[in-house]
Number of protein chains: 2
Amino acid sequence: MSAEPLSRPRIVAAAIDLIEREGADAVSMRRIAADLGVGVMSLYNHVPNKAALLDAVAETVLSGIEFTDDPDADWTDRVRMQARAFRQIAHHYPRCTMVVVSRQLQSTAGLLPVERALATLRSAGFDGEEAVRILRMFIAYIVGSLLREVGVTPTFAPVHHAEVDVAKVDPVLFPQTNALAAELGSCDHESEFEFGVELLVQAIAVRRERRGG
Amino acid sequence: MSAEPLSRPRIVAAAIDLIEREGADAVSMRRIAADLGVGVMSLYNHVPNKAALLDAVAETVLSGIEFTDDPDADWTDRVRMQARAFRQIAHHYPRCTMVVVSRQLQSTAGLLPVERALATLRSAGFDGEEAVRILRMFIAYIVGSLLREVGVTPTFAPVHHAEVDVAKVDPVLFPQTNALAAELGSCDHESEFEFGVELLVQAIAVRRERRGG
DNA sequence: TTGACGTACGTACACCGTACGTGCCACGCT
DNA sequence: AGCGTGGCACGTACGGTGTACGTACGTCAA
């Protein structure tokens, strides 16, 4: 039926497509095989098992990050850009994001952003230990932000936007939560993300100056 | 066999036990029933389905947070304490952490920390909108940190400690990563977490002063 | 020509979540 | 006391899952 002869990249692409269309829960070897018009066990000629397939999905998504690093720009701008690059892929493959962050992988795809970030921080004057600490903090913040943004919707629910259902919060037990229900209920992910990145960038900038960079 | 008559709390406790002993992947209704010495379908008299059971697990774990909030303490200390409280439960239920962060729940268990944090931030002089933004940023950082700390080990692997395998990194393509392999390979989660919290606390403290709080 | 090898595929097994029906028992009402 | 009723434990069964294994069919080397 299909001219091309079934390959690992084709299988991974089908998996990514399926995840984006129907969510990570819909992924099964049988389903992917069906989407490719192929027998189930044929997949195992190219992929050792399902876990490895999901790892490959994560790696492929991660390697799609577009880094437009400008060495002449201010280091703070470069940090900002790299943070946004992570968020871009999460925006491009929203349903895959959970898969990506769920599996830690030490492939070159995951290492390239690390290399870029470390280089940027070193060029900003931070020593190795500090660069690693700062990188880890940024990664933690970005991962946490993307998880919130993606919403971790297990089903096909149309992105239930309200974090807090106003009607259900007891004003006596939770006065603050109730008073701020409007703010808690809506969330501009873009500006929220930028707010955090800005705070972090300025915090490490202050730290750099104080150290006498 | 068992004297007590099967109840929702007993089921949830068995699930938590199982997750901590063998990981989240080992959880199945049959397995939980077997651990309780009970028929599989008996569980469904107390829990509508597996997803709801995992939600209950998350809620139970989350409600185990011990808040020792001191209203007389400096607001920065209170923020630090609340951040550490989150990390404590992740330390106490390491394998459950992924389950907790994977499911967003709007129960009172999840709302109480929110209420506490908002109250603290409001008492520090931040207005509602800012308090929500800051809270979201802290949650993102904490969630991201805990995910890294937990390691997201799907199998029973003995907490593979090295993030970067030194031998596999090409020094030409990844000079920074290679040079900092030692720092990247080991991670004192405690001090790493504190570093981030401190940076965030100081960043929002600066922001508060600048605003004229 | 023949052998080996890689690939596609079907079958089979153990396990999963859970819908459904059945029997038991403890209770409230008459 | 007799009876109805409702909740709980349980067995069975169905459609799904990952994947081990055996098989058949290409293509290419000797």
Side-chain angles (χ1 to χ4, degrees), chain A residues 1-19 21-58 95-96 98-99 102-103 105 152-157, chain B residues 1-19 21-58 95-96 98-99 102-103 105 152-157:
Chain A
M1 182 54 63
S2 50
E4 324 164 72
L6 193 54
S7 63
R8 186 182 159 100
R10 285 212 331 134
I11 295 173
V12 173
I16 293 177
D17 263 26
L18 180 57
I19 294 175
R21 272 185 294 121
E22 308 192 17
D25 287 358
V27 174
S28 80
M29 301 303 271
R30 284 174 168 82
R31 184 64 202 280
I32 293 172
D35 285 5
L36 286 168
V38 125
V40 191
M41 295 315 291
S42 306
L43 303 177
Y44 286 87
N45 289 322
H46 306 270
V47 166
N49 53 47
K50 187 184 180 182
L53 172 56
L54 291 181
D55 281 344
V57 165
R95 318 283 285 266
C96 286
M98 190 61 191
V99 176
S102 291
R103 10 200 87 239
L105 34 101
V152 196
T153 60
T155 65
F156 193 54
Chain B
M1 182 55 63
S2 51
E4 324 164 70
L6 193 54
S7 63
R8 185 182 159 100
R10 286 217 323 137
I11 295 173
V12 173
I16 293 177
D17 265 25
L18 180 57
I19 294 175
R21 272 185 293 120
E22 307 191 19
D25 288 358
V27 174
S28 79
M29 302 303 272
R30 284 174 166 85
R31 184 63 201 280
I32 293 172
D35 285 6
L36 286 168
V38 126
V40 192
M41 295 315 291
S42 307
L43 303 178
Y44 286 88
N45 289 322
H46 307 269
V47 165
N49 52 48
K50 187 185 180 181
L53 173 56
L54 290 180
D55 281 345
V57 165
R95 317 284 285 267
C96 286
M98 190 61 191
V99 176
S102 291
R103 13 200 82 241
L105 34 101
V152 195
T153 60
T155 65
F156 194 53

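Protein chains get the first letters and strands the later ones, always in sequence-line order, with residue 1 at the start of each.
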Enquirer: Measure from CZ on A/R8 to P on C/dT7 and round the result to the nearest Å.
Expert: 13 Å
Enquirer: Measure the distance from CG on B/L6 to C1' on D/dC10 and round it to the nearest whole Å.
Expert: 11 Å
Enquirer: Any side-chain N or O of B/H46 less than 4.0 Å from the OP1 or OP2 oxygen of D/dG7?
Expert: no
Enquirer: Could I get the full list of side-chain contact (heavy atoms from CB on, under 4.5 Å) partners for A/A34, not counting sequence neighbours?
Expert: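 A/A34 satisfies side-chain contact (heavy atoms from CB on, under 4.5 Å) with no other residue.
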Enquirer: Tell me, please, which residues at least two apart from B/R31 pass salt bridge (charged side-chain N to carboxylate O under 4.0 Å, His left out).
Expert: B/E22, B/D35
Enquirer: Without decimals, in angstroms, what is the distance between B/L54 CG and C/dC16 C1'?
Expert: 14 Å
Enquirer: Encode nucleotides 15-21 of chain D as B, S and - characters from 5' to 3', where the letter depends on protein heavy atoms closer than 4.0 Å: B to the base, S only to sugar-phosphate, - to neither.
Expert: --BBBBB
Enquirer: Rounding to a whole Å, what distance do you find between A/N45:CG and D/dA24:P?
Expert: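 That distance rounds to 17 Å.
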Enquirer: Can you tell me the distance, in whole Å, between the CG atom of B/L43 and the P atom of D/dG7?
Expert: 19 Å
Enquirer: Could I get the full list of side-chain contact (heavy atoms from CB on, under 4.5 Å) partners for B/N45, not counting sequence neighbours?
Expert: none
Enquirer: Taking only residues two or more places apart in sequence, or in another chain, which ones meet B/A13 in a side-chain contact (heavy atoms from CB on, under 4.5 Å)?
Expert: none
Enquirer: Is there a donor-acceptor pair under 3.5 Å between the side chain of B/R103 and the backbone N or O of B/A51?
Expert: yes
Enquirer: Mind checking side-chain contact (heavy atoms from CB on, under 4.5 Å) for A/D17 and listing every partner two or more places apart, or none if nothing turns up?
Expert: A/R21
